[in-house]
Amino acid sequence: MSNFVAAAKEQLAALITSAYESAVAEGLLAEGAKAPEIEASRDPSFGDWSSGFALASAKALGKSPRDIAALLIDRVELTGTFFSELTMAGPGFLNARLSDLWFYELLNAIEDEGDGYGSVDVGQGRSVMVEFVSANPTGPMTIGNARGGVLGDTLAEVLHRAGYKVWREFYCNDTGNQVDLLGRSLEARYLQKCGVEVPFPEDGYHGDDIAARADEFIAEQGDALVHASEEQRRQTLIDFALPKNIEKMRADLARYRIRYDRFFYETELHKSGYVDETLDKLTAAGHTYEQDGAVWFKATAFGAEKDDVLRKSNGFLTYYAVDIAYHRDKFEKRGFDMVIDVLGADHHGHTLRFASSMAALGIDPTRLRFVLMQLVRLTREGEVVRVSKRTGKAITLSDLLDEIPVDAARFFFNARAHDSHLEFDMDLAVRQDSENPVYYVQYAHARISSLLNTLADEGHAPPPAAEIDVSLLTDESERALLRALAAYPEEIRLSAVNFDPSRINRYCVELAGHFHRFYHAQRIRGAESGVLEARLKLALTTCDVLKNALGVLGIDAPEKM
RNA sequence: GCGCCUGUAGCUCAGUCGGAUAGAGCAACUGCCUUCUAAGCAGUAGGUCGAGCGUUCGAGUCGCCCCAGGCGUGCCA
């Protein structure tokens, strides 16, 4: 588990610190400087890594930044380190250039770690549940679910690579208000199709899928339900449609390469009595009260703006009450160290109240984390398309996957950080040309694969890293590619700690770009002995890391295009 | 009204902890395949980082205040 970016940073910081301490011991600088900060150089002509240490500490040390930098450079010994050069530039920046030793050890480490390259250990084996999509089984999934699906799935994968034990869960609301509404909508369509004139529920689901389910039922079981009791009719229709809807969701998600460790059904919580038990616990702890015939949770006692209803005056539980029990189950029963809920931004009002309810149950609310996903704006022919599940005008995940390849869809929906709005241009997505950057990345992989095959046919196999002379890889395109390869573990780490797997998309594009530039700048085939092997190894290593990173995204790495 | 998110090139978006000349893709324009895949590469052009004030050696980044857009603010989920 190596992180050469971090290793280089730490070493450079240590070199500067020790030079600073020498200067202090010699009485040339005052004490009290802050630890040096190291960052990647913006421009390769400055070197690979730089530090603004001299600028940041100039005030405390009472000397000019350039004087400080000069003193430090005099006291740094670079022999045997990851750096070949340390210079001063501009107002007093310290610029360091990476040495062949660093590049050599990097290639060896990537080879040694194989598929495990990129893994880091921020999770330290702690368990985390990622709950995502959790769409209501009242109809097909939408474009919004398409984004949430990829976000949750790739976030889970990133956390896995970052050293967490990961569990993917889908919470299925298979009972309650929405299901009741589904029953009334189905009933109305059913009766209408059987020739009974009834009004459609005003707030019902207008989608074609409802009518289709009614048709299916009639085809299988006829119109006998017309004469059944209202309650029996609705329940029969729900029992008919709900499993089909759930199975459809599961199949669509699988087609989208998303598989869950568990579908958790809301009814399980009710059957086991866990919801009632949880409410009793809250009440026993004095966190509830009754008013207007309803039972309320004192969320304001935990910093919320207002209290929330747990049990409505009609006796039914709110979704909130059930969700509290569900989250208690995640922590208390199943013992997850951390739980991440991937939610649409339209649910952001819930975050505080969930945190307060966990606190009320004696569960550390910081163990519950939310990833709020800004909504998808769908455009078609330059116009914003309004989508609504209720009115049935949504474009479904199923429709989407009929039109565009899974690889492109997964890349597209993971292209933006979760807190950015994502614009989804239907006309663009349908086009399968190079405008989608996923092809740029896949092309790099295919190109390398082809190259390796061609050279293998000519008897050139990439040698072990230990035999490579990295001092032959001197071109800027080669150095840049090596640095990009080294950046991978740090990208995984940052994606994990920021809950932002879209970084990996951008990393893939960047790595592919570095390869394409190297490919044009340097020829492998026909290069002299030593150089050929070094470049071939560089190509193979790039191929492996690209495949690795695409694997995080759940995207294929094709050998031919 | 209050809360959360967003505002950077014609379009879609990056920009790490405040750092050097603000980047990428697409679109536009100009070049590059008798030689490892041209779904590629090189180059040109394109910017009041929404506006203003402040903090400091230094602000796209931090603070305040406006403006604009999205979402929320249910005994719906």
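Values in this document were obtained by computation on a predicted structure and should not be read as measured data. A note on names: the letters A, B, ... follow the listed sequences, proteins ahead of strands, and every chain is numbered from 1.
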- Query: Of all the choices, B:G70, B:A77, B:U16, which nucleotide is nearest to the side chain of A:His421 once you look at every atom?
  - Reply: B:G70
- Message: Between B:A77 and A:His350, counting only base atoms on the nucleotide and side-chain atoms on the residue, is there a donor-acceptor pair under 3.5 Å?
- Response: yes
- Are any of A:Asn136's side-chain N or O atoms less than 4.0 Å away from OP1 or OP2 of B:A77? no
- Task: State yes or no: are the ring centers of A:His516 and A:Tyr440 separated by less than 6.0 Å?
- Result: yes
- Is there a donor on the side chain of A:Thr318 or the base of B:A77 sitting less than 3.5 Å from an acceptor on the other? no
- Query: How many Å lie between CG on A:Leu375 and P on B:G70, as a whole number?
  - Reply: 12 Å
- Side-chain contact check for A:Gln374: nearest option of B:U37, B:C5, B:A20 is B:C5
- Query: Hey, does A:Ala417 reach any base, or is it just sugar-phosphate, or nothing, if we go heavy atoms under 4.0 Å?
  - Reply: sugar-phosphate
- Task: Check every strand shown and say whether A:Tyr519 touches a base, only sugar-phosphate, or nothing at a heavy-atom separation below 4.0 Å.
- Result: base
- Any luck finding a side-chain donor-acceptor pair between A:Asp407 and A:Gln442 under 3.5 Å? yes
- Does a distance-only test, which skips hydrogens and angles, find a donor-acceptor pair under 3.5 Å between the side chain of A:His347 and the base of B:G72? no
- Between A:Ile324 and A:Met358, which heavy-atom pair has the shortest distance, and what is it? O-CE, 3.8 Å
- Taking syn as within 90° of 0 and anti otherwise, name the glycosidic form of B:C26. anti
- Item | Whole angstrom value for the distance that separates P of B:C71 from NE2 of A:His348 | 12 Å
- Task: Report which part of the nucleic acid A:Arg523 touches: base, sugar-phosphate, or nothing (heavy-atom distance under 4.0 Å, all strands).
- Result: base
- Message: Looking at A:Lys547, I want to see if its NZ is surrounded by more than 12 non-hydrogen atoms of other residues, nucleotides or ligands under 6.0 Å.
- Response: no
- Note on the structure: Per the 3.5 Å Watson-Crick/G-U criterion and a run length of at least three, the stems involving RNA chain B are B:1-7 with B:67-73, B:10-13 with B:23-26, B:28-32 with B:40-44, B:52-54 with B:62-64
- Message: Using the rule side chain to side chain contact (heavy atoms under 4.5 Å, CB included), only one of A:Leu536, A:Thr454, A:Ile524, A:Leu452 pairs with A:His460; which is it?
- Response: A:Leu536
- Query: Got a donor-acceptor pair under 3.5 Å from the side chain of A:Ser313 to the base of B:C75?
  - Reply: yes
- Query: Can you find a donor-acceptor N/O pair under 3.5 angstrom joining the side chain of A:Asn505 to the base of B:A14?
  - Reply: no
- Nearest-neighbour nucleotide for the A:Leu55 side chain, B:U12, B:C36, B:G19 considered: B:G19
- Proximal nucleotide (of B:A42, B:C71, B:U73) relative to the A:Lys306 side chain: B:U73
- Would you mind telling me which of B:G40, B:C76, B:U12 lies closest to the side-chain atoms of A:Arg447? B:G40
- Item | Closest contact, heavy atoms only, A:Val376 versus A:Gly144 | CG2-CA, 4.4 Å
- Query: Would you say B:U12 has OP1 or OP2 under 4.0 Å from some side-chain N or O of A:Ser420?
  - Reply: no
- Can A:Arg353 be said to sit on top of A:Phe297's aromatic six-ring, NZ or CZ under 6.0 Å from centre and within 45° of the ring axis? no
- Item | Nearest-angstrom distance from the residue atom CG of A:Leu94 to P of B:A20 | 16 Å
- Verify the stacking flag for A:Tyr440 against B:G40: centroid separation must be under 5.5 angstrom and the ring planes must differ by under 30 degrees. no
- Heavy atoms under 4.0 Å, any strand shown: does A:Glu266 hit a base, just sugar-phosphate, or nothing? nothing
- What is the distance, rounded to the nearest whole Å, between atom CE of A:Met561 and atom P of B:G40? 9 Å
- Examine A:Phe200 together with A:His206 and report whether their ring centres are nearer than 6.0 Å. yes
- Query: Taking for each residue the nucleotide of RNA chain B bearing the nearest heavy atom, is the 5' side occupied by A:Asp346 or by A:Ala89?
  - Reply: A:Ala89
- Item | Options B:A77, B:A39, B:U37, nucleotide nearest the side-chain atoms of A:Tyr439 | B:A39
- Listed nucleotide nearest any side-chain atom of A:Leu451, set B:U16, B:U37, B:C41: B:U37
- Message: Under 4.0 Å, counting only non-hydrogen atoms across every strand here, what does A:Asp292 touch: a base, just sugar-phosphate, or nothing?
- Response: base
- Which value, rounded to the nearest 0.5 Å, describes the distance between A:Leu485 atom CG and A:Thr542 atom OG1? 4.5 Å
- Note on the structure: Which of B:U37, B:A42, B:C36 is nearest the side chain of A:Ala446? It is B:U37
- Look at all strands and tell whether A:Asn95 reaches a base, only sugar-phosphate, or nothing, counting heavy atoms closer than 4.0 Å. base
- Check every atom of B:G15, B:U12, B:C5 against the side chain of A:Asp419 and return the nucleotide holding the closest atom. B:C5
- Message: What is the separation between atom CG on A:Leu511 and atom P on B:A14, rounded to the nearest whole Å?
- Response: 20 Å
- Looking only at B:U12, B:A77, B:U37, the nucleotide nearest the A:Arg377 side chain is B:U12
- Message: Need one value for A:Gln522: base, sugar-phosphate or nothing, where a base atom within 4.0 Å counts as base even if backbone is also close, heavy atoms only.
- Response: base
- Mind checking whether A:Phe370 and A:His347 have ring centres under 6.0 Å apart? no
- Message: Nearest heavy atom decides the nucleotide; on that basis, is A:Thr175 or A:Glu37 closer to the 5' end of RNA chain B?
- Response: A:Glu37
